[in-house]
Amino acid sequence: MNADSLLGEAVRIAERAGRAIRDAGPGMVRAKADGSPLAEADQAAHRVIAGALAKLTPHIPLLSEESPAEVFSLRRAWKKFWLVDPLDGTLEFLAGRDEFTVNIALVENSAPVMGVVHAPRPGQTYFARNDGGVRRAFVREENKKPRILSVNKKDSAAVTVLLSRSRHNRAAQDFVRNLKTQFTEVREVALGSSLKFCRIADGTAHVYPRLGPTSEWDTAAAQCILESAGGSVTTLTGAPLRYNKESLQNPSFIAAAAGRWRHFCAR
């Protein structure tokens, strides 16, 4: 199967998982070991994705937020694997907001080379390839043809900064305050899940500072989409995020259309 066909299948799997989330609804909530919520919808989406990928690519292992514990001890030898968050933005989903996604990434040699972010409501699917010299990113609205994604790199006195709706912290507030010393207009938009990366990729926002913890499955698919659309996702030292580390927790990072946004981080 060629890369474009594989991406198309991943899109269809993500959309099937989105339907499973809608069908499951916000029921049967319990807390994970780290205190974060787990809904029946998380597990319903995981079952769809795990089953479909096992049939599609039985030779490629899967690491999901909902994977059994033994998988985490095996992953260190993997050079290529699927990295999945079946339901990113569980808090927003449980609160009845539309800001949740299904994230499916293919990681190779520590970098995301394929990504799908599906937002079941209102029915948007972002998808991209970033491998073998090919960089292509698209968004498809429900019942419409895909359109190409491209970040907004135009210089402007106004900037739109995206902030986590549920994980706001002082470092992010300091970042915004520093922005306001350099730009005439700074628009703050709170948004859940990996949609923040996608809004930069489609040109409607400029920067998302994540100055706190996230996990690898939160970012891989969306990083591929944003980078393929011409943007960047880098740590505060300027290095791109990398995957399958000993710790699956990401460092702080800046997702952006363009520019030296690290300059605005408090030191």
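For the single chain, residues carry numbers from 1 onward in sequence order.
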So does [Y] get a backbone contact from the side chain of [X], meaning a donor-acceptor N/O pair under 3.5 Å?
X      : Y      : answer
Lys196 : Leu191 : yes
Thr235 : Thr237 : yes
Ser247 : Gln249 : yes
Ser228 : Cys224 : yes
Asn169 : Leu211 : yes
His206 : Val161 : no
Arg135 : Gly230 : no
Arg210 : Pro213 : yes
Asn178 : Phe175 : no

Contact check, side chains of [X] and [Y], non-hydrogen atoms, under 4.5 Å:
X      : Y      : result
Phe127 : Pro146 : yes
Leu6   : Leu56  : yes
Ile21  : Phe93  : yes
Asp42  : Pro86  : no
Leu83  : Trp78  : no
Arg75  : Leu248 : yes
Ile49  : Ile104 : yes
Asn250 : Lys245 : yes

Inset, instruction - Give a yes-or-no answer on whether the side chains of Thr219 and Thr214 include a donor-acceptor pair shorter than 3.5 Å. - result: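 Distance-only check fails for Thr219 and Thr214.
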- Examine the side chains of Thr125 and Glu15 and answer whether a donor and an acceptor come within less than 3.5 Å of each other.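 A donor-acceptor contact under 3.5 Å links the two side chains.
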- Query: Crowded around Arg76 CZ? As in, over 12 foreign heavy atoms under 6.0 Å?
  - Reply: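 Yes, because the 6.0 Å sphere around CZ of Arg76 holds more than 12 heavy atoms from other groups.
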| query | Roughly how far, to the nearest 0.5 Å, is CG of Asn103 from CZ of Phe197? | reply |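 So the gap between those two atoms works out to 9.0 Å.
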>> Quick test of your reading of the model: are Glu188 and Lys180 salt-bridged, counting only N-O distances below 4.0 Å?
In response: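 Judged by the 4.0 Å cut-off on N to carboxylate O distance, Glu188 and Lys180 do form a salt bridge.
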So which atom in Trp217 and which in Asp85 form the shortest heavy-atom distance, rounded to 0.1 Å?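 In terms of heavy atoms, the two residues are closest at O-CB, 3.5 Å.
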